[in-house]
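Report on the following structure.
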Number of protein chains: 2
Amino acid sequence: MNAIEVLAQAGIRPTPQRLAVAEFVLAGRTHPTADEVFAAVQHTCPTISRATVYNTLRLLVNKGLLREQVLREGVTVFDAERTAHHHFVDEETGQIHDVPWEALKVYGADQLGGFEVHDLQVVLRGRRRRA
Amino acid sequence: MNAIEVLAQAGIRPTPQRLAVAEFVLAGRTHPTADEVFAAVQHTCPTISRATVYNTLRLLVNKGLLREQVLREGVTVFDAERTAHHHFVDEETGQIHDVPWEALKVYGADQLGGFEVHDLQVVLRGRRRRA
DNA sequence: TCCGGTGTTGGACACATTCTAACTTTGGAC
DNA sequence: GTCCAAAGTTAGAATGTGTCCAACACCGGA
C-alpha cells in the first residue's frame with residue numbers, strides 16, 4: 001500500500017506536502033524529530049514550510065498513523081511502529097531502537113490501585129554493543 | 001539531615017542560593033521543572049537568577065542528589081527519589097507519580113543481545129482514578 | 001589588604017514548537 | 001470555464017525552555 005492509499009484510507013486529503021512527509025516518516029525504521037523530517041522532505045519538496053511539517057505530523061498522530069514519543073531531551077520524536085513495543089535509548093549517540101514487545105515481560109501493572117493504565121512501555125538506557 | 005549537611009556531604013559549597021534550591025527540590029514529592037523550581041525559590045530568595053537555578057540543578061544531578069527524567073513533552077523534570085522506581089504520567093494533568101520498584105516486575109532485560117542496559121524503568125500513561 | 005578562584009547575575013543567544021495573517025489551491029455550483 | 005468558499009500552505013513572528021557569556025560579588029588565604 002503506497003502513501004496515497006494510506007492517507008486516503010485515514011481520511012486525509014493527500015496533498016503533495018503530506019505525501020512527502022508521510023512517505024519519509026512511514027517508510028524508515030528511524031525515530032525522527034520534526035526538524036529531521038523537515039530537512040529530509042525538503043529534498044523532494046523544497047518549498048515546504050516548517051508549519052506544514054508540524055501540522056502534518058500532528059495530523060498523522062491524531063489519525064493513528066504515527067506515535068509521538070517522549071524519549072529524548074528537549075525534542076519530540078515520531079515512531080511509525082504502531083504496535084506496542086519498548087524502547088532502548090543509546091546514551092552515547094541518542095539513537096533510539098525498538099525493542100519487540102515479546103522481548104520483555106512486565107507484571108503487576110493491572111494491580112496498581114488508583115491508576116487506570118492506557119499505555120505502558122519499558123524505557124531502557126545504556127550503550128549499544130558493537131556487533 | 002538538613003540541606004546544609006546534605007550539600008556539604010556531597011562536597012557542594014552551601015551558598016544561600018543552592019540551599020534555597022536544594023530545600024525546595026529535595027523536600028517535596030513533586031517532579032518539578034527547572035522553571036517551577038525557579039518560581040518557587042524566588043519566594044525565599046528573590047534575587048536568584050535563572051542561570052543559578054539551572055547550574056544548581058545540574059550540580060545536584062552530577063553529585064547524585066537528584067535525577068533528571070525525560071517524561072513530559074518539551075521539558076525536563078527533576079526527581080528527588082534516588083532509588084530505582086517507575087513512573088506513572090497522568091495524561092490529563094501531566095502530573096507524574098512515582099511507582100515503587102517492587103510494584104512491577106520486568107523480565108528479559110538481561111537477554112537483549114547487543115544492548116548493555118544501564119538503567120531501566122517502566123513508563124505508564126493513563127488516568128489517575130479519583131479516590 | 002590584596003588576589004585568585006568560585007559563585008552569581010542578567011541579558012543575549014539558540015533551539016523547538018506554535019501562532020498568525022496572508023496567500024494558494026481545491027472542489028463544487030453556476 | 002468562472003467564481004467562491006473552504007481547506008491547505010507559507011514565512012515569519014512569538015513563545016517557551018535551556019545555555020552561554022561577560023561583568024560583578026564574595027570568600028579564603030598569603
Side-chain angles (χ1 to χ4, degrees), chain A residues 3-4 7-8 10-25 30-63 65-79 94 96, chain B residues 3-4 7-8 10-25 31-42 44-63 65-79 94 96:
Chain A
I4 295 183
L7 293 195
I12 299 173
R13 186 129 68 99
T15 68
Q17 290 88 339
R18 289 172 177 172
L19 283 172
V21 170
E23 265 159 16
F24 174 72
V25 90
T30 62
H31 297 75
T33 65
D35 219 60
E36 285 162 5
V37 176
F38 178 57
V41 164
Q42 274 184 314
H43 295 142
T44 60
C45 184
T47 68
I48 199 168
S49 79
R50 234 169 265 271
T52 297
V53 172
Y54 278 94
N55 287 343
T56 303
L57 289 172
R58 181 157 12 160
L59 195 56
L60 295 177
V61 169
N62 288 343
K63 295 293 185 180
L65 297 179
L66 211 54
R67 289 173 53 129
E68 221 171 331
Q69 293 283 352
V70 181
L71 288 170
R72 274 171 56 180
E73 291 182 15
V75 287
T76 300
V77 302
F78 295 89
D79 190 341
I96 296 163
Chain B
I4 294 182
L7 293 193
I12 300 174
R13 185 128 68 97
T15 67
Q17 290 88 339
R18 288 172 176 171
L19 283 172
V21 170
E23 266 159 16
F24 174 72
V25 90
H31 297 75
T33 66
D35 221 60
E36 285 162 4
V37 176
F38 178 56
V41 164
Q42 274 184 315
T44 61
C45 184
T47 68
I48 200 169
S49 78
R50 229 170 269 271
T52 297
V53 172
Y54 278 94
N55 286 344
T56 303
L57 289 172
R58 182 160 10 169
L59 195 55
L60 295 177
V61 168
N62 288 343
K63 295 294 185 180
L65 298 179
L66 211 54
R67 289 173 55 128
E68 222 171 330
Q69 294 283 351
V70 181
L71 290 170
R72 274 170 57 178
E73 293 182 14
V75 287
T76 301
V77 302
F78 295 89
D79 191 340
I96 296 162

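Chain letters run A, B, ... following the sequence lines, proteins first and then strands; every chain starts at 1. Bear in mind the structure is a predicted one, so any value in this text is a computation, not a measurement.
C:dT8 atom C1' lies 15 Å from atom CG of B:L57, rounded to whole Å. For B:F38 and D:dT17, the CZ to C1' distance is 13 Å, given to the nearest whole Å. The separation between A:R72 atom CZ and D:dT17 atom C1' is 16 Å, rounded to whole Å. Straight-line distance from the CG atom of A:L7 to the P atom of D:dG8: 12 Å, rounded to whole Å. Between the CG atom of B:N62 and the C1' atom of C:dG7 there is a distance of 16 Å, rounded to whole Å. When rounded to the nearest whole Å, the span between CG of A:L19 and C1' of C:dT25 equals 15 Å.
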Legend entry - Nucleotide-resolved protein contact map, nucleotides 9-20 of chain C, B/S/- at heavy-atom distance under 4.0 Å: BB-----SBBB-
Inset, instruction - List the protein contact pattern of nucleotides 23-30 of chain D with one symbol per nucleotide (5' to 3'): B for base contact, S for sugar-phosphate-only contact, - for none; contact means a heavy-atom distance under 4.0 Å. - result: ----S---
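The shortest heavy-atom contact between B:T44 and B:A20 is OG1-CB, 4.0 Å.
Contacts classified as salt bridge (charged side-chain N to carboxylate O under 4.0 Å, His left out) and involving residues 39-55 of chain A (residues at least two apart or in different chains) are given here: A:D35-A:R50. Residue pairs meeting the salt bridge (charged side-chain N to carboxylate O under 4.0 Å, His left out) criterion with at least one member in residues 10-20 of chain A: none, sequence neighbours excluded.
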For residues 66-78 of chain B, tabulate all N or O donor-acceptor pairs below 3.5 Å that involve a side-chain atom, not counting sequence neighbours.
| residue | atom | partner | partner atom | Å |
| --- | --- | --- | --- | --- |
| B:R67 | NH2 | B:D119 | OD1 | 3.4 |
| B:Q69 | OE1 | B:Q121 | NE2 | 2.9 |

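Residues forming a side chain to side chain donor-acceptor pair (under 3.5 Å) with A:S49 (at least two apart in sequence, or on another chain): A:T52. Residues forming a side-chain contact (heavy atoms from CB on, under 4.5 Å) with A:A40 (at least two apart in sequence, or on another chain): A:F24. Under the salt bridge (Lys or Arg N to Asp or Glu O under 4.0 Å) criterion, B:R58 pairs with no residue at all, not counting sequence neighbours. Listed by chain and number, the residues in a side-chain contact (heavy atoms from CB on, under 4.5 Å) with A:P14 are A:I4, A:L7, A:L19 (sequence neighbours excluded).
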